[in-house]
Amino acid sequence: MTEVRQFVFFDFEMLCSKEGMSYANMESIRLGAAKYDIDTQKITYFDRFIKPKQTEPLSIFCKELTQISDNDIASADSFPLVLDDFIKWIGNIKQSRFFSWSSNDISRLELDAFSHDVPRSKIAPIKNRYVDFQAIFSKRVSKTNPSVENALALYGLQFEGDKHNPMYDAYNTLRIYLAFSEEFVKTDLIMLNQFIFQNQEVTVEDDINGRLKTLLKEDLQHLFNDISIISNIRSAKKLLKRTGKLVKKYENILLNRSRMFNEEILLYVRLLVDFYHNLIGSYNKHYSYGCKIIIFHEHMTTPLQQITA
DNA sequence: ATGACGATTAACTACGCAGG
DNA sequence: CCTGCGTAGTTAATCGTCAT
């Protein structure tokens, strides 16, 4: 495994219209990117218009949204040329990680490469090192998919540069990434407020571990309320679903990025996750045997139930 | 075996929020 | 403006049970 030395954030602007357009026809018209060197922390930029196959003038809607003119793309290079320049600009692909905000952009890259007969091997190295950072961010921090602007706002940051300019979109996505991966306490606080505390915002000054413990106890109590050691397979499935939701709610605590969670809370969440996995195993076993009744072993339930006691 | 009844599932709808 | 995706709430179809 080669070492990762740089992060490449990229974004496409594409054809679009007020009347709507099938995704296949939304050819890319501009590619922007921001490259972050991990060692030097230096950022370099890429911004190129792309001439689409389709020669119709841009829709008013598209011009207003992207601030791109017919002339910009008429005088631009075609997709394969821009892609080549992009790859040249990237430099060492094997030492790069690629990110975009939503999976839209990687699909676009693949689709346009395909329609221009660019060999799969050319974009494969990018795809293999690519992650949808919006998906990561919503799983680990914000719960729902926010816009770039709203994700920045969670960290108290503002969008810099022009919106719908893909170079700036990419740059601002990078800024989210840097905040996400450097500001551990903020990241965990946002996560707590998004996933767990919802309307009653929490700050570092609060007794977070104490409040977590209370909430976790409540949730577990609720979970076990109508569950007995022996129950039918249906209510077991319900339990499975509800437990899964609880796991999603609390699992990011285990990352303990900020180190703000104490051993007790970490243990509780670990027990919850363990219970969930045991539950899945037990459920599948019973289900495959065609059992109508499921019996939970004590070693499965007692550790968690002791918390609520 | 049949039909009534409640429970459970799926399918559909509506909404909000992303993307261009 | 449109599409896409995920969630939540509703409805409709299906299933299981039980009494007849």
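Hydrogens, waters and symmetry mates play no part in the numbers below; they use all other heavy atoms, side chains included. A, B, ... follow the sequence lines: proteins, then strands. Residue 1 opens every chain.
- Computed from coordinates, the Leu15(A) CG to dC2(C) P distance equals 18 Å when rounded to whole Å.
- Comment: Asp72(A) does not engage Arg30(A) in a salt bridge, judged by the lack of any side-chain N to carboxylate O separation of less than 4.0 angstrom.
- Below 30°, between 30° and 60°, or above 60°: for Phe99(A) and Phe7(A) the angle between ring planes is above 60°, a perpendicular geometry.
- Residue contacts shown for Asn25(A) are absent, as no nucleic acid heavy atom lies under 4.0 Å away.
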Return a table of donor-acceptor pairs under 3.5 angstrom between the side chains of residues 114-126 of chain A and protein atoms on other chains or two or more places apart.
{"unit_1": "Ser115(A)", "atom_1": "OG", "unit_2": "Asp112(A)", "atom_2": "O", "d": "3.3"}
{"unit_1": "His116(A)", "atom_1": "ND1", "unit_2": "Asp112(A)", "atom_2": "O", "d": "3.0"}
{"unit_1": "Lys122(A)", "atom_1": "NZ", "unit_2": "Asp84(A)", "atom_2": "OD1", "d": "2.8"}

Contacts under 3.5 Å, N or O only, protein and nucleotides 11-16 of chain B:
none

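- Across the protein-nucleic acid pair, Gln134(A) atom CD and dG4(C) atom C1' stand 12 Å apart, rounded to whole Å.
- Per the geometry, CZ belonging to Phe12(A) stands 19 Å off C1' belonging to dA18(B), to the nearest Å.
- For Lys18(A), counting side-chain heavy atoms from C-beta on, the closest listed nucleotide (dC1(C), dG20(B), dA18(B)) is dC1(C).
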Listed pairs under 3.5 Å, donor-acceptor, residues 57-65 of chain A side chains, sequence neighbours left out:
{"unit_1": "Ser59(A)", "atom_1": "OG", "unit_2": "Cys16(A)", "atom_2": "O", "d": "2.8"}
{"unit_1": "Ser59(A)", "atom_1": "OG", "unit_2": "Cys62(A)", "atom_2": "N", "d": "3.0"}
{"unit_1": "Lys63(A)", "atom_1": "NZ", "unit_2": "Asp70(A)", "atom_2": "OD2", "d": "2.9"}

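- Applying the salt bridge (charged side-chain N to carboxylate O under 4.0 Å, His left out) test to Arg140(A) and every residue at least two apart in sequence or in another chain returns nothing.
- In terms of the salt bridge (charged side-chain N to carboxylate O under 4.0 Å, His left out) criterion, Lys143(A) has no residue partners (sequence neighbours excluded).
- Less than 4.0 Å separates DNA chain B from at least one heavy atom of each of the following residues of residues 139-154 of chain A: Asn145(A), Pro146(A), Ser147(A), Val148(A), Asn150(A).
- Contacts classified as salt bridge (Lys or Arg N to Asp or Glu O under 4.0 Å) and involving residues 273-282 of chain A (residues at least two apart or in different chains) are not found.
- One atom, CD1 of Ile106(A), and another, P of dG4(C), lie 19 Å apart when rounded to the nearest Å.
- With rounding to whole Å, Leu65(A) atom CG is found 15 Å from dA18(B) atom P.
- Between Trp101(A) and dG19(B) there is a side-chain polar atom (N or O) within less than 4.0 angstrom of OP1 or OP2.
- If you check dA8(C), dG20(B), dG19(B) against the side chain of Lys245(A), the one that comes closest is dA8(C).
- Using a 4.0 Å heavy-atom cutoff across all strands shown, Ser22(A) reaches no nucleic acid atom at all.
- Partners of Glu149(A) by salt bridge (charged side-chain N to carboxylate O under 4.0 Å, His left out), not counting sequence neighbours, listed by chain and number: Lys163(A).
- Rounded to a whole Å, the CE atom of Met26(A) is 12 Å from the C1' atom of dA18(B).
- Every residue was checked against the side-chain hydrogen bond (donor to acceptor under 3.5 Å, both in side chains) condition with Asp132(A), not counting sequence neighbours, and none meets it.
- The nearest whole Å value for the distance from the CG atom in Asp112(A) to the P atom in dG20(B) is 14 Å.
- Separating the CG atom of Asp11(A) from the C1' atom of dG19(B) is a distance of 10 Å, rounded to the nearest angstrom.
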